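Quick note on labels: first sequence line is chain A, next is B, and so on, each numbered from 1. The structure presented is a predicted model; accordingly, all values stated were derived computationally and were not measured.
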Number of protein chains: 2
Amino acid sequence: MPQTRGHDPRAFAPLPPAALHVLLAIGPDERHGYAIMGEVGRITNGAVRMGPGTLYGTIKRLLDNGLIEECSKQADPQRTDQRRRYYRLTSLGRTAVASEVERLQSMINKTGALKWAPGRQH
Amino acid sequence: MPQTRGHDPRAFAPLPPAALHVLLAIGPDERHGYAIMGEVGRITNGAVRMGPGTLYGTIKRLLDNGLIEECSKQADPQRTDQRRRYYRLTSLGRTAVASEVERLQSMINKTGALKWAPGRQH
DNA sequence: ATTGATGTATCATATATCGATATACCTAAC
DNA sequence: GTTAGGTATATCGATATATGATACATCAAT
């Protein structure tokens with residue numbers, strides 16, 4: 001994802017893999033960095049393990065692009081870990097990720113790539 | 001995608017966007033570079049327009065990784081354009097792209113991200 | 001024979017990824 | 001109360017990817 005792309009959600013396509021994973025991992029609510037790492041592993045069934053280098057660089061870019069924002073409020077009042085920094089999707093971020101996911105879904109459907117495993121004849 | 005990842009199809013996840021688009025654009029048969037560019041635009045409904053810089057660099061990496069191979073035979077015996085270079089997915093390439101698409105589909109389903117467009121309450 | 005679309009390729013630069021490393025706080029066990 | 005291990009954010013440098021511009025040759029049709 002380049003420096004800035006204005007406010008057209010579709011201008012962010014294709015989202016870099018790390019950006020897509022972070023946005024999906026944050027989800028509809030809010031999440032802090034370390035939790036995002038774990039959630040990425042969870043939603044990919046362990047296929048993608050994101051380290052801090054990728055994570056925080058990606059977070060910085062997403063902030064710069066206005067796809068996420070920091071919310072000082074913490075979701076869980078039980079914990080008071082002052083180190084945590086929580087993030088949530090902005091309206092632009094939600095639209096961008098929805099648009100991107102819709103595009104991916106359309107491309108998957110259009111190509112029928114789920115059926116490309118070897119062993120089949122074409 | 002790094003230099004080489006052996007022969008485990010899942011080791012290529014997450015595929016860089018350009019690699020995914022090229023693999024999906026080539027499809028089950030074979031296709032030459034210029035046609036891939038057009039096909040990427042087609043399968044993304046014009047959302048992604050891949051230029052030659054991205055295309056040929058990606059092709060080179062996919063060749064190096066054994067996900068595609070060149071086939072000197074041309075699909076269309078009508079045309080005899082000697083410039084064209086045709087490519088098709090290898091067995092590894094088919095498995096890798098099928099695995100990646102399955103992973104994306106799973107992640108889309110699991111997160112419900114298709115419903116994240118603003119206007120909805122969470 | 002000129003024109004415009006087709007076709008492959010490379011260069012320089014900008015973006016992105018990744019592992020390693022650093023630093024500090026938190027919690028539980030001792 | 002201090003030590004140990006997990007939690008948490010951050011940065012660095014090396015490597016990998018992406019992109020626009022440019023170049024140059026071939027093809028098809030006029």
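Note: CD1 (A:Ile59) to P (C:dT15) measures 20 Å, nearest angstrom. B:Leu55 has its CG atom 19 Å from the P atom of D:dT22, to the nearest Å. If you take NZ of A:Lys60 and P of C:dT17, they are 15 Å apart, rounded to a whole angstrom. Protein atom CZ of A:Arg61 is 15 Å distant from nucleotide atom P of C:dA14, rounded to whole Å. Between the CZ atom of A:Arg84 and the C1' atom of C:dC26 there is a distance of 10 Å, rounded to whole Å. Following rounding to the nearest Å, A:Tyr56 (OH) and C:dG19 (C1') show an atom-to-atom distance of 15 Å. The CZ-P distance, from B:Arg5 to D:dT15, rounds to 16 Å in whole Å.
Across all their heavy atoms, B:Tyr56 and B:Tyr34 have their closest contact at OH-N, 4.1 Å. The minimum heavy-atom distance between B:Glu100 and B:Ala13, with the atom names listed, is OE1-CB, 3.4 Å.
Environment of CD in B:Glu69: crowded, with over 12 heavy atoms of neighbouring residues, nucleotides or ligands closer than 6.0 Å. The 12-atom threshold is exceeded at CD of B:Gln105, counting heavy atoms of other residues, nucleotides or ligands nearer than 6.0 Å.
B:Leu55 places none of its side-chain heavy atoms less than 4.5 Å from the side chain of B:Val40.
Residues A:Thr54 and A:Ala13 each lie close to DNA chain D; by heavy-atom proximity, the contact nearer the 5' end of the strand is made by A:Thr54.
Formation of a donor-acceptor pair under 3.5 Å by the B:Arg85 side chain with backbone atoms of B:Glu70 is not found in this model. Side-chain atoms of A:Ser99 never come within 3.5 Å of backbone atoms of A:Arg10 as a donor-acceptor pair (strictly under, hydrogens ignored).
For the contact set between residues 31-53 of chain A and DNA chain D, defined by any heavy atom under 4.0 Å, the members are A:His32, A:Gly33, A:Tyr34, A:Met37, A:Pro52, A:Gly53.
Legend: side chain to side chain donor-acceptor pair (under 3.5 Å) pairs involving residues 15-24 of chain A, not counting sequence neighbours, sorted by first then second residue: A:His21-B:Arg103.
Judged purely by distance below 3.5 Å, without hydrogens or angles, the side chains of A:Tyr86 and A:Arg88 never pair a donor atom with an acceptor atom.
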For nucleotides 23-25 of chain C, print each protein N/O atom paired with a nucleotide N/O atom at under 3.5 Å, atom names and distance only.
from   : atom 1 : to      : atom 2 : distance (Å)
C:dC25 : O2     : A:Arg83 : NH1    : 2.6
C:dC25 : O2     : A:Arg83 : NH2    : 3.3

